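What follows is a set of notes on a single structure, which appears directly below.
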2 protein chains.
Amino acid sequence: MKPTIYDVAKEANVSIATVSKVLNNTGRIGEHTKKRVISTMKDLNYAPSSVASALTKKQTDSLGLIIPDISNPFYSEVSRVIEDAAFEKGLTLFICSTDYNIEKERKYIELLHRKQVDGYIIASGFKSMDLMKGLIDDTFPIALFAQDSPTNNFNVISVDDYKGGYLAINHLLSLGHRNIGVIAEYVNSSKIRLHAYRDLCDMYGLPVQEKNIKKTIANITNGEKMMKELLQQENPPTAVFACNDALAIGAMKAAREFKLNIPKDVSIIGFDNTILSSTGVPELTTIQQPINEMGKEIVDAVIHEMRTPESVKQRKLFTPALIERESTGEV
Amino acid sequence: MKPTIYDVAKEANVSIATVSKVLNNTGRIGEHTKKRVISTMKDLNYAPSSVASALTKKQTDSLGLIIPDISNPFYSEVSRVIEDAAFEKGLTLFICSTDYNIEKERKYIELLHRKQVDGYIIASGFKSMDLMKGLIDDTFPIALFAQDSPTNNFNVISVDDYKGGYLAINHLLSLGHRNIGVIAEYVNSSKIRLHAYRDLCDMYGLPVQEKNIKKTIANITNGEKMMKELLQQENPPTAVFACNDALAIGAMKAAREFKLNIPKDVSIIGFDNTILSSTGVPELTTIQQPINEMGKEIVDAVIHEMRTPESVKQRKLFTPALIERESTGEV
DNA sequence: GTGAAAGCGCTAACAA
DNA sequence: TTGTTAGCGCTTTCAC
C-alpha cells in the first residue's frame, strides 16, 4: 500500500498535522522534527495524495485545455507550449479534442467540471460558449486562445489578426501582385484579416473583387478545392493569401495540379508557421504567431483569474511576423 | 457554491446513501424516489465530484500518457487516437511531453503518481524504465506503445517492425534498387527493421554495406545530415529507407540540395505515414502503422491490467502496410 | 512548536 | 428499499 500521512506521522512520532506542515511549509516546526519528518518521508517513499489535498483545498492544480484537434499541427504545437507553461507553474493539463463538435464539447466540459479543474483554456473553434456559461459560475477562470467571444467577457490571448493580414497582403503587394485572392475561414480571425486585405486594396486603389475571396473550413482538402475555384475563374489571382498553413498546403496542391509553378506563376502565403510550412517544396512563406509568448501569457491569465476572480478582463493581441520562404515571389 | 450530495439529499428528502446509489446505479432504489432524486439533481444542476469519489474509490479514472513531444506529428496523431479510445472508456489523459529528458520524465512520473493516475501508457523514447519500477508497485498498470523493455515485463503494443522493414526494403528491391541506404534511429525498433534489411539483402545476394547504414536521433535536420553523408560517399545508394517520416523529409531536403530528382535519381521511403508524408512534394511513400487499432488496444491493455493486476503480460505486434506515393520509383 | 479534531464530498458496509 | 456510519488522505483552525 502506498504510505499515507498517517504512516509517516507514526513512524516519525509526530502528529499528522505536523507532517502536513512540513509538507506545505506552513506553520512553525522545529528544525529537528522537520528533519526527522523529511527523512522518514524519504524512507517510506512517501508521496502526498493530490486527490486528498484537492478535496480539502478545493483546488486540483489542473486545467482543461479545449482544442479542436490535437493531431492538427497548429494545435499540437500550441498545446506543447501551453503544457510547458502550465507545468512550470505546477499545473497539469487535460487536453481535449472536440472536432468542432458541440456534443463532444458538452461532454468534455461536463467531465472537466466534475474533475474540478481550476480553470479552462479554450482555443479557437469552440462553439458552446453559451453552454459554458450555463454550466459554470460566472467568475470561473476561463481564458480564450485565438478566439473571440464578443458577447461574453473573457480574458483573451490572441494574435493581432489585422496586423497579420496586413503583413501578408502587404508582402504580396510589395512583390508587385495586384490581383490577390484570399482563402479564409468562417471565423472571426479571418474576418479581421480580410479587413486588412480590403483596407490595403483601398490604399492601393485596387478594386476588391468578392470572387477572389473564398471562405471554407480549414483543412488541406478545402484549401485545394478553394484554390481550384480561384484558378478556374477568368483572370485568376497571381497571389493567394491562405488564412492558415493547412489551407495553404492545399492551395499549393491545387496549383501544382494546374501545372503552375510556385512562386513563378502564382505566389502563396500561409498563416501560423506550423511545421507544415517548412517541410514541403517550395517551403511556405507564412505569418508566424508568437505562440511561445502567447502560451505563457494564457496560463498566466488563467492563474490570475484563479487568484482574483473579479479582476478586469483583458484582450492581449500579440504581434505576428512575416516569415519569408520560397512560396512567394515577384509577379 | 457547487451543490454537493448533501444538498440534493436534503432537497429530495432522502439520505446521501440513496443519492449515491442512484448516481452509481448500485443497490436497489424505488422507481419513485429514483425519479425524484434525478429530477432534483437536475434542478440543482448537481454534478458529482470526481475528486471526492476518487478519494473513496481509490481510482481516478485517469491515465498518464508519456510521450517525447506532443508537437511531433507522429505523437500528436497517436495521442489523438489514444485520447479518443480513453474517452470512450471514461478515462481522461494527462499528456506529458518529456523531450527524451530524464529529468522531465522523473518529474512527470512523480507528478502523475501523486495525482494517482490509474495507469500509464508510455510511448517510445522513454528512458527511465528503471526509475519507474522503483517509484511504483510491481503490478501497477503500465503499457508500452511502440517501445520494448526487454529487461522488464510489460504489456506492449507495437507495430511489427520486422514486417515494416521488410515491406519497405522489399518495395525498394522490387523497384529494381540494389544499392539501398538506411537512415535508422538509435532505438530498438530501428534495429529490428534493420534485421529485415539485412535478411533481404542476404536473400538477394547483396552485400550489406555498413557505410550505407546511418544511425541518428530522429528529426528532420538529422535526416538531412545523414542523407548528405550517404550521398557524398562514392557509389551512393539509389534508394533510401528512412526509419520515420521526419528523417525521410530531411532526406528529401538533402537530395534536393544535391539537385537530385526524387524519385528519378533517388527513391526515398519513410515510416509512420504521418501528415508530413502527404503534404510535401513529391508525396512520401511510407509504411503505415495502424495507429487507430493500436490506440484502442493499448487503452484496453491498461484497463485490463487495472482489473486483473496479476494477468500475464503480452506483446501485440500490429501489421503495417505499404503506402505507395510518389517518392519511390524504378531505379 | 505540536497535536486534537473537524471537515472536504463521496462510497460501501451494515442496519433497519 | 432506505438510512447510518465509518472511512478515504489531507488541510486547517484552535488549544495546549
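In this text the structure is predicted, and so the values were computed from the model without any measurement. Every chain is numbered from 1 and lettered A, B, ... according to where its sequence line falls, protein lines coming before strand lines.
- Regarding B:Glu31, its CD atom lies at a distance of 10 Å from the P atom of D:dT2, rounded to whole Å.
- Counting non-hydrogen atoms under 4.0 angstrom, A:Val51 reaches nothing in the nucleic acid.
- One atom, CG of A:Leu55, and another, P of D:dC8, lie 14 Å apart when rounded to the nearest Å.
- Classified by interplanar angle (parallel below 30°, tilted 30° to 60°, perpendicular above 60°), the ring pair B:Tyr108/A:Phe87 is parallel.
- With respect to A:Glu110 and A:Arg114, no salt bridge is recorded, no charged nitrogen being found less than 4.0 Å from a carboxylate O.
- Nearest heavy-atom pair across B:Ile5 and B:Ile16 is CD1-O, 3.6 Å.
- Under the 4.5 Å side-chain criterion, counting only non-hydrogen atoms from C-beta, A:Glu77 is not in contact with A:Asp272.
- Of the possible donor and acceptor atoms, none in the side chain of A:Lys57 sits under 3.5 Å from a partner among the backbone N and O of A:Leu55.
- Ion pairing between a basic and an acidic side chain is recognised when a charged N comes within 4.0 Å of a carboxylate O; B:Glu103 and B:Arg106 show such pairing.
- Of the listed residues (A:Glu305, A:Gln314, A:Lys316), just one forms a side-chain hydrogen bond (donor to acceptor under 3.5 Å, both in side chains) with A:Asn155, and that residue is A:Glu305.
- If you take NE2 of B:His113 and P of D:dG9, they are 13 Å apart, rounded to a whole angstrom.
- Between B:Val19 and B:Met41, the shortest heavy-atom contact is CG1-SD, 4.5 Å.
- If you measure from atom CD of B:Gln59 to atom P of D:dG9, you get 15 Å, rounded to the nearest angstrom.
- In this structure, B:Arg36 atom CZ and D:dT2 atom C1' are separated by 11 Å, rounded to whole Å.
- Looking only at distances, a side-chain donor or acceptor of B:Gln147 sits under 3.5 Å from a matching main-chain atom of B:Phe126.
- Interface limits on DNA chain C: the 5'-most and 3'-most nucleotides within less than 4.0 Å of chain A heavy atoms are C:dG1 to C:dG9.
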request  = Using a 4.0 Å heavy-atom cut-off, write out nucleotides 11-16 of chain D from 5' to 3' as B (base contacted by protein), S (sugar-phosphate only) or - (no contact).
outcome  = BB----
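- Axis angle, first five pairs versus last five pairs of the helix from C:dG1-D:dC16 to C:dA16-D:dT1: 40°, rounded to 10°.
- The pair A:Lys104-B:Asp84 does not count as a salt bridge, with every side-chain nitrogen at least 4.0 angstrom from each carboxylate oxygen.
- The 5' end of DNA chain C is approached more closely, in terms of each residue's nearest nucleotide, by A:Ser15 than by the other of B:Thr4 and A:Ser15.
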ask   = What do the steps show when you test B:Glu11 against B:Asp43 for side-chain contact (heavy atoms from CB on, under 4.5 Å), and what is the final call?
value = CA-CA 10 Å; B:Glu11 188 74 13; B:Asp43 289 352; over 6 Å; no
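- Rounded to an integer number of Å, the gap from CZ of B:Arg28 to C1' of D:dG3 is 16 Å.
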